[in-house]
Amino acid sequence: MNDNDDRAAGGKADVVPAATASRMRELGISLAFAAQMRAAARLGIADALGDQPRPAAELAAAIDADPDTLDRLLRALTSHGVFVETAPGHYAHTDLSQLLREDHPASLKYLMLWFTAPWTWQVWPRLDEAVRTGKPAFTEIYGADFFAYLRSDPESAEVFNRAMTEASRISSDRVVDVLDVTDVRTVVDVGGGQGHLVATLLRRYPQVRAVLYDLATVVAGALAEIREGGELADRCQVVAGDCRVDVPAGADLYLFKNVLEWDDESTLAALRAVRRCGQPGGRVVLVQNLVEDTPELTVTTAMDLFMLLNVGGKKHTRRGLARLLEAAGLRPDGVEPVPGTTLRAVTAHIPAVGA
Ligand SMILES: C[S@@+](CC[C@H](N)C(=O)[O-])C[C@H]1O[C@@H](n2cnc3c(N)ncnc32)[C@H](O)[C@@H]1O
């Protein structure tokens, strides 16, 4: 704001605490923060840095960047606690910047690249329009739904699948902790991505068999351990298909993790497929973030709108999800947190015939 703006606002600018105006500016320019994270991930700064502080000039040589400009990017990133300047022009890792390392066990590098993928910069400016119409911007811009688009853009698909695997790597153990597999012989992980959760489940429970079920292009990149010849392959089937049409029949437990956040018609179709292909008494567990009591309100609400824009989807409330389960002919049983994550496990079962 300049002096003229102050006068235009009736000379009241001085009654606004400086911190309030500063926060407002910060919110307004927050896309620049996302761009900085994207640049850092794409340049591989975190991977090149290693465990000791390094001068920006040396880092620039390692990643083939302009030294002065890299110094500017690093200074911007340190303002968020991503890297720290230990001496003028020398940078080191922080807990945050470590998560940009590809070799970190809890790496979020590909999640950062997915959050900031080129298509996201096309859809966010259409948020006002999407709020008016309730329709996803993605389909209008790209002429295809999100998952169909991924089939035509292998680089985006690779980033998406790796981001999902990263997210699963962090939460799979915790999700398996809350799964009750008493009397369960077969689990189908519907929309299970590349199979990280399935592999974790099979390792933990040697008596369980599993099916990884996802779109053909996704299961083509399934983890080696569950594919033919892999150490878990004898208890795992990898099946390609569209869960809105059908799901593998007769399992005791159908798992959907972070899948039913697209449009309600698709969610209903997938749940109806489970009702139809599953057996009475079969259980259904939906693992996802819910809008209520989320420990990450800013992320969950932002993801809610992100889902709106890319797949016409949403983050659900407990009630909304229970309504969809009931509309598909399933019986909701309850909701419990997945400790150590922001996820919730929503459980339901397939009713007895005639019930
Ligand atoms: C957000 S990802 C979640 C992946 C995995 N469950 C996880 O939590 O890491 C959604 C998954 O649903 C899959 N998917 C999308 N449409 C599908 C469909 N029609 N049938 C089966 N899977 C589908 C995607 O390919 C993707 O792997």
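For ligands, and for the atoms within them, numbers begin at 1 and follow the listed sequence.
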For residues 340-353, tabulate all N or O donor-acceptor pairs below 3.5 Å that involve a side-chain atom, not counting sequence neighbours.
| unit_1 | atom_1 | unit_2 | atom_2 | d |
| --- | --- | --- | --- | --- |
| Thr341 | OG1 | Val338 | O | 2.7 |
| Thr341 | OG1 | Leu343 | N | 2.9 |
| Thr342 | OG1 | Asn289 | OD1 | 2.8 |
| Arg344 | NE | Asp293 | OD1 | 3.3 |
| Arg344 | NH2 | Asp293 | O | 2.9 |
| Arg344 | NH2 | Asp293 | OD1 | 2.9 |
| Thr347 | OG1 | Gly334 | O | 3.3 |
| His349 | ND1 | Asp333 | OD1 | 3.0 |
| His349 | ND1 | Asp333 | OD2 | 3.0 |

Open item on the list: If only side-chain N and O atoms count, and only distance matters, is there a donor-acceptor pair under 3.5 Å linking Tyr110 with Glu102?
Closed with: yes
Open item on the list: Tell me every residue that passes ring-ring contact (aromatic ring centres under 6.0 Å, His included) with Phe115, counting only those two or more places apart in sequence or in another chain.
Closed with: none
Report every pair formed by an N or O atom of ligand 1 and a protein N or O atom separated by less than 3.5 Å, giving atom names and the distance to 0.1 Å.
| unit_1 | atom_1 | unit_2 | atom_2 | d |
| --- | --- | --- | --- | --- |
| ligand 1 | 6 (N) | Gly191 | O | 2.8 |
| ligand 1 | 6 (N) | Lys257 | O | 2.8 |
| ligand 1 | 8 (O) | Lys257 | O | 3.2 |
| ligand 1 | 8 (O) | Lys257 | NZ | 2.8 |
| ligand 1 | 9 (O) | Met164 | O | 3.3 |
| ligand 1 | 9 (O) | Ser168 | OG | 2.7 |
| ligand 1 | 19 (N) | Asp242 | OD1 | 2.8 |
| ligand 1 | 20 (N) | Cys243 | N | 2.9 |
| ligand 1 | 25 (O) | Asp214 | OD1 | 2.7 |
| ligand 1 | 27 (O) | Asp214 | OD2 | 2.7 |

Open item on the list: Do His90 and Thr86 pair up side chain to side chain, a donor and an acceptor below 3.5 Å, judged on atom types alone?
Closed with: no
Open item on the list: Please enumerate all residues that pass salt bridge (charged side-chain N to carboxylate O under 4.0 Å, His left out) together with Glu85, with sequence neighbours excluded.
Closed with: none
Open item on the list: Around atom CG of Asp234, are there more than 12 heavy atoms from other residues, nucleotides or ligands closer than 6.0 Å?
Closed with: yes
